[in-house]
Structure formats: C-alpha cells, structure tokens
Amino acid sequence: MVRHASGNRGVTPSKLCLPTPGFKVKAKLQGQIVIATHNEGKLAEMRDLLAPYGIKTLSSGELGLPEPEETGETFAANAILKARAAAQLSRLPAFADDSGLCIDALNGEPGIHSARYARDAGGFDQAMQKLEEALAAGPHKPPFKAHFGCALALAFPDGKAKAFEGRVFGELVFPPRGHLGFGYDPIFRPEGFDQTFGEMTREEKHSIPADGSPGLSHRARAFQLFAKSCLDGRTSN
Ligand code: ITT
C-alpha cells in the first residue's frame, strides 16, 4: 500500500494519482529534490538528465523510502502516485518516473505492467525470452512494432503534482543485443537506428540535443517537457 503522510490518511489511491488540475509550477525548481525510484537504471538516467541544472538529488533508496504499490492505470497516474508518496514522506519536492515497453502485437502489453512482467518471469533475460515466445505463438509476423513510454511527475509535499510524457517508437529485435542500458533495452531498436538501446551508451540513448530538437529516448523526451516547464536554464553541459 501507499504510505500516506498523516494529513492524507483516508485519501484513496485513485485520488492520490490524479494530476492537480490547472497546476503550473510558478517558481522554477531549485535546491534539493528526491528522485523517487528504486530502479538503479532509471536513477542513473534521471541523475544524468538533472545534472546540468544544478539541482541536488537524493534517491528513495538513500532516504529509505518504501516502494508504493502502483495502482494507477496509466504511466502518468503511476508516476504521480510515486512522486506524491515520496514528497509527502520526505517533505521535499519529488520527481518520479513510470515507464514501460508497449508491444503492438500484444495489445500494448506489458506496458504499465513491464516491471511486474520481468519480476514474474524471474528477471529481464527470462522476460525478453518470454516475450519472444509469446510473439512467436501469436498470429502476428515480424517486424514487431513497439514503443517505450515514460511519464515523469513532479510532486510537492502539499500534494500538488504534474506529469510530462514522452514516447519513442521502434521495433523489437530477437535475440537481445547489447549489454549497455537496463531492463528491456537489448530488444528495442528505435526507428532510424541500427543499434538497440542495449548497444547505445547512456549519452546516445538519453542526452538532450543542444539545439532543442527532441532527444531519442522516451525519458529524454518527457524530461524536455519537464525542463521547459519546471527548470531554469542549464548551468553546465
Ligand atoms: P520504480 O517504480 O521504483 O521507479 P520500477 O522498475 O518498478 O522502478 P516501473 O514500475 O516504471 O519502474 O517499471 C518500468 C519497467 O520498464 C521496468 O521493468 C524497467 O526496467 C522497464 N523500463 C523502463 N524504462 C526503460 C528503459 O529506458 N529501458 C529499458 N527498460 C525500461
């Protein structure tokens, strides 16, 4: 269950995961924020993305925050739920990510269930194999179209929250290729590229182009919207 700060006892999880209507971050974000994830791969990417803005980050792990149950039905709802839970417990602004791999031939699955799918399979190698088998057993033929989706949410201790979403489209590659990145990266090849995310460096996957054009990864694209709305200009590259 989500652990609520005392002021929110009795608030249902579905209310906890709605964005705050009309909420705009008035002052640009400064100082210290919590990165509300227990996923080391995401944490590294989120820290890379925030690094040029001079914001100090603490992770959920470093603060000993619990992992809330993800009861939302969309990436945005789950990202907001995680950010709010961390902001309320830490009394600091919190930044959370909910993301996953959506496969067209599997009706968008595993999607918001991507982490659970890997846990149930016994790890990512097994999960990627299970996806290959599920696709082979189905009526569709390769290429298997897919996208990664990501919602990044910012929440404040008073419960105000907002989410920003990004997607990257591509195809699945079997067998998996590359040992860089994390999660499902070795089976995802973004449109227009020969390499999978598993064969790309962190910088290639999610760096933000200086000219303001869209970044490559789902997380980079969501981050660009977040940065435009909530962060001051970069202090370094
Ligand atoms: P937190 O909730 O603590 O952030 P989590 O791993 O449970 O961590 P999610 O619920 O958002 O995160 O699940 C997302 C799943 O999709 C998870 O298994 C990730 O490894 C995977 N995933 C997300 N973004 C990815 C990316 O850029 N590359 C590869 N896999 C990714």
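Order of appearance sets the numbers: ligands from 1, and atoms from 1 within every ligand.
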Closest protein heavy atom to atom 23 (C) of ligand 1, given as residue, atom name and distance to 0.1 Å: Ser99 OG, 3.0 Å
Where ligand 1 meets Asp98 - atom numbers and elements under 4.0 angstrom, heavy-atom basis: 9 (P), 10 (O), 11 (O)
If we only consider heavy atoms of Gly100, is any one of them less than 4.0 Å away from an atom in ligand 1? yes
Whether Thr196 side chain and Arg177 backbone form a donor-acceptor pair below 3.5 Å: yes
4.5 Å side-chain heavy-atom contact, Val34 and Leu89: no
Closest protein heavy atom (residue, atom, distance) for atom 24 (N) of ligand 1: Arg219 NH2, 2.8 Å
Within the 4.0 Å heavy-atom shell around Asp97, which atoms of ligand 1 are there? 4 (O), 11 (O)
Phe148 and ligand 1 - part of the residue with a heavy-atom distance under 4.0 Å: side chain
Nearest neighbour in protein (non-hydrogen) for atom 21 (C) of ligand 1: Tyr184 CD1, 3.9 Å
Among all the protein's non-hydrogen atoms, which is closest to atom 22 (N) of ligand 1, and how far away is it? Phe182 CE1, 4.0 Å
Please check if the side chain of Gln224 supplies one atom and the backbone of Ser213 the other of a donor-acceptor pair under 3.5 Å. yes
Donor-acceptor side-chain pairing of Arg84 and Thr20 below 3.5 angstrom: yes
Are Ile112 and Leu152 co-members of a hydrophobic cluster defined by side-chain heavy atoms under 4.5 Å apart? no
The test is ring pair (Phe, Tyr, Trp, His ring centres under 6.0 Å); show your working for Phe124 and Phe182 and say whether it passes. CA-CA 9 Å; Phe124 283 98; Phe182 66 97; 7.9 Å; no
Does Lys205 come within less than 4.0 angstrom of ligand 1, counting non-hydrogen atoms of the residue? yes
Where on Ala118 is there a heavy atom closer than 4.0 Å to ligand 1, on the side chain, on the backbone, on both, or on neither? neither
Has Phe124 got any heavy atom lying under 4.0 angstrom from an atom of ligand 1? yes
For atom 10 (O) of ligand 1, which candidate among Glu67, His218, Glu40, Glu70 provides the closest heavy atom? Glu70
Output yes when Arg221 and Glu165 qualify as a salt bridge under the 4.0 Å nitrogen-oxygen rule, no when they do not. no
Sub-3.5 Å donor-acceptor pair from the side chain of Arg47 to the main-chain atoms of Thr57, do we have one? yes
Which heavy atom of the protein is the closest neighbour of atom 2 (O) of ligand 1, given with residue, atom name and distance? Lys82 NZ, 2.7 Å
Flag Thr37 as yes when one of its N or O atoms lies below 3.5 Å from any N or O atom of ligand 1, and as no otherwise. yes
Ligand 1 contacted by Phe197 (non-hydrogen, < 4.0 Å): no
Tell me which protein heavy atom sits closest to atom 19 (C) of ligand 1, plus the residue, atom name and distance to 0.1 Å. Asn39 ND2, 3.8 Å
Mind checking whether Arg116 has a heavy atom under 4.0 Å from ligand 1? no
When you compare the side chains of Asn39 and Thr37, does any donor N or O come within less than 3.5 Å of an acceptor on the partner? no
Looking only at atom types and distance, does a side-chain atom of His147 sit under 3.5 Å from a main-chain N or O of His218, one as donor and one as acceptor? no
Out of Ser114, Ala96, Pro68, Gly183, whose heavy atom is nearest to atom 16 (O) of ligand 1? Ser114
Hey, does the side chain of Lys82 reach the backbone of Asp97 with a donor-acceptor pair shorter than 3.5 angstrom? yes
Among all protein heavy atoms, pick out the one at the shortest distance from atom 11 (O) of ligand 1; state its residue, atom name and that distance to 0.1 Å. Lys42 NZ, 2.8 Å
Can you tell me how far apart CD1 (Ile103) and CG (Leu135) are? Round to the nearest 0.5 Å. 5.5 Å
Could you tell me the residue and atom name of the protein heavy atom closest to atom 3 (O) of ligand 1, and the distance to it rounded to 0.1 Å? His38 N, 2.7 Å
